[in-house]
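Read the structure below first, then the notes.
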Amino acid sequence: EDQVTQSPEALRLQEGESSSLNCSYTVSGLRGLFWYRQDPGKGPEFLFTLYSAGEEKEKERLKATLTKKESFLHITAPKPEDSATYLCAVQGGGGADGLTFGKGTHLIIQP
Amino acid sequence: KAGVTQTPRYLIKTRGQQVTLSCSPISGHRSVSWYQQTPGQGLQFLFEYFSETQRNKGNFPGRFSGRQFSNSRSEMNVSTLELGDSALYLCASGTSVNTGELFFGEGSRLTVL
C-alpha cells in the first residue's frame with residue numbers, strides 16, 4: 001500500500017524566511033510524485049511533477065526535489081501570498097488507485 | 001478557458017438519504033476523477049472515469065458510485081448516507097487516463113445530519 005507522510009503539519013515563517021517542506025513516501029514502482037497547493041475553500045492546484053530521483057523543478061519561489069524516499073519543496077524568500085496548504089501525492093506502478101495524498105503542510109507567511 | 005465546475009457547492013442531507021453531485025470538466029479533458037477530502041483522512045481517491053468507462057476505483061463501499069456521459073460530464077452518487085460521509089467531494093479533470101496532473105474544481109461540501 002502506498003503511503004505519504006508530510007512534515008511539518010504546520011509551519012509559520014516571516015516574510016523572506018526561506019524553508020523546506022518534507023514529503024516521505026513508500027510506493028511500489030513510483031510513476032510520479034506530485035505537489036499541489038490548496039487555498040482555503042478551493043480545490044488543489046497542480047504545481048509540479050517529479051518522475052525520478054535527482055530531478056528538480058522550479059516555479060517562481062518554489063523548487064521541488066526528489067530522492068528515492070522523499071521529496072522536498074523549498075520555498076525561497078516567501079511572500080504572504082505563498083500562504084496555503086501544500087499537498088504531496090504519489091502514483092504507484094499500477095496506477096490503478098489514483099493518487100495517494102499526504103495530509104499536507106499548512107504554511108503561513110507573516111508580513 | 002473555464003475551469004472544472006462542480007454543483008452544488010454546499011448541501012445538507014440526513015442519514016439514509018442519497019445524494020448526486022455533478023462535475024463538468026475542462027473542455028477537451030476526457031478524464032474525470034473524484035476524491036473525498038476530510039480533516040482526518042485527507043484526500044482519498046474514489047474513482048476515475050475516461051470515455052464513459054470507470055477505469056480505476058478506490059477503496060470505498062459500493063454506496064459510492066459514479067458515471068460519465070458522452071460529453072465527459074460526470075456525476076457521483078452516494079446512497080444510504082452515513083454521518084461519516086460528511087466531507088468535501090472534489091472532482092478533477094485531466095487530459096489522459098491515470099494522469100497525476102489534475103485540475104480540481106472547488107468541491108461540493110456535503111454535511112450529513
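Computed from heavy atoms alone, side chains included, the values below leave out hydrogens, waters and symmetry copies. Each chain gets a letter, A, B and so on, in the order its sequence line appears, and its residues count up from 1.
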B:N98 and A:Q91: which non-hydrogen atoms are nearest, and at how many Å? O-NE2, 2.6 Å
Keeping A:K103 on the side-chain end and B:G40 on the backbone end, is there a donor-acceptor pair under 3.5 Å? yes
Euclidean distance, B:Q41 CD relative to A:F101 CZ, rounded to 0.5 Å: 14.5 Å
Please state whether the side chain, the backbone, both or neither of B:Y35 comes within less than 4.5 Å of a heavy atom of chain A. side chain
Let me check something: do A:F72 and A:L62 share a hydrophobic cluster, defined by ILVMFWY side-chain heavy atoms less than 4.5 Å apart, either directly or through other members? no
Do you reckon B:F60 sits in the same ILVMFWY cluster as B:L88, going by side-chain contacts under 4.5 Å, direct or chained? no
Is chain A contacted by the side chain of B:L90, its backbone, both, or neither, given a heavy-atom distance below 4.5 Å? side chain
More than 12 non-hydrogen atoms from neighbouring residues, nucleotides or ligands closer than 6.0 Å to CD on A:E9, yes or no? no
Does a sphere of radius 6.0 Å around CD in A:E1 hold more than 12 heavy atoms from other residues, nucleotides or ligands, not counting ones at 6.0 Å or beyond? no
Would you find more than 12 non-hydrogen atoms of other residues, nucleotides or ligands less than 6.0 Å from B:N59 atom CG? no
With a 4.5 Å cut-off on side-chain heavy-atom distances among I, L, V, M, F, W and Y, is there a chain of contacts connecting A:L73 to A:L30? yes
Between A:L99 and B:F45, the two heavy atoms sitting closest are O-CB, 4.1 Å
Do the side chains of A:Y25 and B:L43 join up, straight or via other hydrophobic residues, at under 4.5 Å, putting them in one cluster? no
Would you say that more than 12 heavy atoms from the other residues, nucleotides or ligands in this model lie under 6.0 Å from the CZ of B:R73, or not? yes
For the candidates B:E106, B:E101, B:Q6, which exhibits the highest count of non-hydrogen atom pairs separated by less than 4.5 Å from chain A? B:E101
Region of B:R109 that comes under 4.5 Å of a non-hydrogen atom in chain A: neither
Hey, quick one: are B:V4 and B:V32 part of the same hydrophobic cluster, counting side-chain heavy atoms closer than 4.5 Å, chains of contacts allowed? no
If you count the non-hydrogen atoms of other residues, nucleotides and ligands that lie under 6.0 Å from CZ in B:R15, is the total more than 12? no
If you draw a 6.0 Å radius around CZ in A:R12, do more than 12 non-hydrogen atoms from other residues or ligands fall strictly inside? no
Measure A:L33 against the heavy atoms of chain B and call it side chain, backbone, both or neither at under 4.5 Å. neither
Tabulate, in ascending numerical order, the residues of residues 41-53 of chain A having at least one heavy atom closer than 4.5 Å to a heavy atom of chain B, or enter 'none'. A:G41, A:K42, A:G43, A:P44, A:F46, A:T49, A:Y51
Separation between CG of B:L102 and CZ of A:F34, rounded to the nearest 0.5 Å: 7.5 Å
